[in-house]
Amino acid sequence: MKLLVIEDDTTTGTYIARGLREEGHVVDLVHDGRSGLIQATSQEYDVLVVDRMLPELDGLGLVKTLRGTGNRVPVLFLTAMGSVEDRIGGLNAGGDDYLVKPFAFGELSARVQALARRPQTVVQDTSLRAGDLEMDLLSRKVTRGGIEIDLLPREFALLEYLLRRKGRVQTRTMLLEGVWDISFDPMTNVVETHVSRLRAKVDKPFDVALIQTVRGAGYRIEG
Amino acid sequence: MKKARWNRAWRSMPLRLAVLLVLLFSTVSLLSLAASYAVTRATFEQAIRDDLAQDMAGFRAAPNAGAVALLVEAESRETDPSRLILSYLAPSGRIFGNGAIARDGEGYHLVSLREDRAEFQGQYLALSAALYGGRLTIARSRAEVAALGTVFLNILWISLLPTVLIALSGGLVLARRSKRHVEVIRATLDDLTSGDLSARAQIGPRWSDDLMRIGETLNQMAAAQERSVTTLRQVSSDIAHDLKTPVQRVSLQLDELAREVDPDSDAGRLVIQTQNEVAQIASVFDALLQLAQVESGTLREAFNPVDLAALCRTLCEVYQPQALAQDQVLNCNVPEAAHITVHGERTLLGQMLANILQNALRHAGPGATIAVTLETQGKTRLTVTDNGPGIPAAERVRVLERLYRLDRSRNTRGNGLGLSLVAAVARLHEAELTLADADPGLRITLTF
């Protein structure tokens, strides 16, 4: 993927760029809003990572201007404030996601992936698959190798969320937002508990584990 | 309802002033009218006395008793007894004139000597004197004096009543107008206190000088407050940016370190521990920033209908594993599938409930039972009760202050900001927050 990182702090910017390059992306890095706007309009990017507070032209103004020209490139805001108002302001200005500082690199990487592969049109599948696991969305039945697995509603929702994003890492905060609709940190291990319960039902009785833990980032379903 | 409205109207300043002025004016008018009545009446009375003395002098001019009797007879035939009564008791014992002085148990009084013998009506002023062995009595009617009272009463009605009516209705009109203007100021103050710092009073050209000055001062004050809040927000956002930048660097550097060391080695464990510490620093920081923002009240603009029942069910579920792990029972008394809606900001309401639950899970102790109850009887009431040690009555207000912690909680997790945020979010949603003794334990109630 081709990414543009607009971050005024050189150290942070460099770390982000290096990390993303190590994951195989092509990354351009600029340090102020005006250069960011010029760069974003002069080339095609898959995702923009934009700091909210930038010299010359701040992140909000940059994205607003960009959207004004009809540019729909997915934008991930990095914000120091992280308050509700901040988030609403960022999303209203045309941001697609936001990340509050300080963030772990795994979180950033997972969210960039999620943004880039956001489907343009939502296809209504009636069943989801991973390996020999099959989820029927109409009858709400889950089977693996022909054996029916009994899931609680939240476990079903969690598995569905992971299956729909097969192969991509989902962080704890992404799962909280997507499965529980909670956009703050409840400071509890609810995600870990549900993942381990899901594993006990979906993976433990079988030879191959489908749900994988990605260290320092989150979970991913493969197959 | 009607009575309440009247009471409110009466408490309005201009109406009170108008009524007081009308009262004062009426009193002064009444007093001066009474004084002129008294003076005129005295003058009238004196005139009657003078007339009586003159009449008497005229009869004294007669040479003897016979002449007096003749004069009295002649004159009384021509006079109307309702105006003038003449009576002469001659030395012979005969009474001449159109009346006589009679005496009975109640004292002296005049009786008519006419054929119809009608009683004299009204009041008379009489002068009686001995004359040539007889007694002459002359009485003049005081009817004019009595009529004077009626005349003055008429003057009173004709002059005072319209004045009072006009003054009162004028006062009412003025009261209504200034009430409208005061209402504009009140509404502006309401907007300002509820966090809309851009609210200003629209001052019209017909406003009275003093209200206009109050309105202008209010607008100046609001502008100053708006400026200082904007500055404060700028400052805190600058601080946030300046402090979070190094924290961000540390966090990313730790990430890199974590990728290079074995997580099960001593170094790996140290890295994870340090990462947790950094997360803790960031969370205190975020909590302080969020608190400041919630308290500024600007988030009301982002309010939407929020299903509180669904939120309660979700959060109960989220904290269920932690309760289980701590050997605690978390009960959710929220009607299944019910929708209980309040107007608010979902994330903040969720954060508020999460903070209350974390507080209960953290301090109620192992084996405790925590119950979340949502009721709608008129008002929506959310209650979280635990049967832990509770909070001493004297400290229940203080735990809502930022960074305040009970002595026994110093070594537990938490940053002393959780309940402060609960209080701030409750205030933002105009919900009443009470901390009470659940005997034993703590009962936190939010009434929307």
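Per chain, numbering begins at 1; letters A, B, ... match sequence-line order.
Residue Gln320(B) does not touch chain A at all, counting heavy-atom pairs closer than 4.5 Å. Glu7(A) does not touch chain B: none of its heavy atoms, backbone or side chain, sits under 4.5 Å away. Using a 4.5 Å cut-off between heavy atoms, Arg52(A) does not touch chain B at all. Heavy-atom distances place the side chain of Thr193(A), and not its backbone, under 4.5 Å from chain B. Only the side chain of Glu256(B) comes within less than 4.5 Å of a heavy atom in chain A; its backbone stays farther off. The contact between Asp51(A) and chain B is made entirely by side chain atoms (from C-beta outward), counting heavy-atom distances below 4.5 Å. For Leu254(B), no part lies near chain A; criterion is any non-hydrogen pair under 4.5 Å.
You'll find the side chain of Phe103(A) reaches within 4.5 Å of the side chain of Leu252(B), heavy atoms only. Put simply, the side chain of Asp9(A) does not reach to within 4.5 Å of the side chain of Gln248(B), judged on heavy atoms.
Lys244(B) places a side-chain N or O within 3.5 Å of a backbone atom of Lys101(A) that can act as its donor or acceptor partner. Put simply, the side chain of Arg346(B) never gets that close to the backbone of Ser183(A): no donor and acceptor are under 3.5 Å apart.
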Q: Mind running side-chain contact (heavy atoms from CB on, under 4.5 Å) on Tyr15(A) and Gln253(B) for me, showing each step along the way?
A: CA-CA 8 Å; Tyr15(A) 267 105; Gln253(B) 283 156 355; 2.8 Å; yes
Subject >> Test log, rule side-chain contact (heavy atoms from CB on, under 4.5 Å), inputs Ile182(A) and Thr314(B) >> reply: CA-CA 9 Å; Ile182(A) 288 179; Thr314(B) 303; 4.1 Å; yes
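Heavy-atom neighbours of Lys201(A) NZ from other residues, nucleotides or ligands within 6.0 Å: above the threshold of 12. Within 6.0 Å of atom CZ in Arg269(B), more than 12 heavy atoms from other residues, nucleotides or ligands are found, so the atom counts as buried in its surroundings. For Asp262(B), the CG atom counts as densely surrounded, since its 6.0 Å shell holds more than 12 non-hydrogen atoms of other residues, nucleotides or ligands.
Of all heavy-atom pairs spanning Pro102(A) and Val247(B), the tightest one is CG-CG1, 3.5 Å. Across every non-hydrogen atom of Glu317(B) and Val190(A), the tightest pair is O-CG2, 4.3 Å. Smallest separation of non-hydrogen atoms from Asn189(A) and Pro321(B): OD1-CB, 4.3 Å.
The choice from Ile272(B), Thr245(B), Leu243(B) that makes the most heavy-atom pairs within less than 4.5 Å of chain A is Thr245(B). Most heavy-atom pairs under 4.5 Å with chain A: of the set Val318(B), Leu311(B), Val250(B), this distinction falls to Val318(B).
Using a 3.5 Å distance cut-off with no hydrogens or angles, the side chains of Thr188(A) and Gln322(B) do pair a donor with an acceptor.
Taken from CZ in Phe184(A) to CG in Asn355(B), the straight-line distance is 8.0 Å, to the nearest 0.5 Å. Here the straight-line distance linking atom CD of Gln358(B) with atom CE of Met187(A) works out to 6.5 Å at 0.5 Å rounding.
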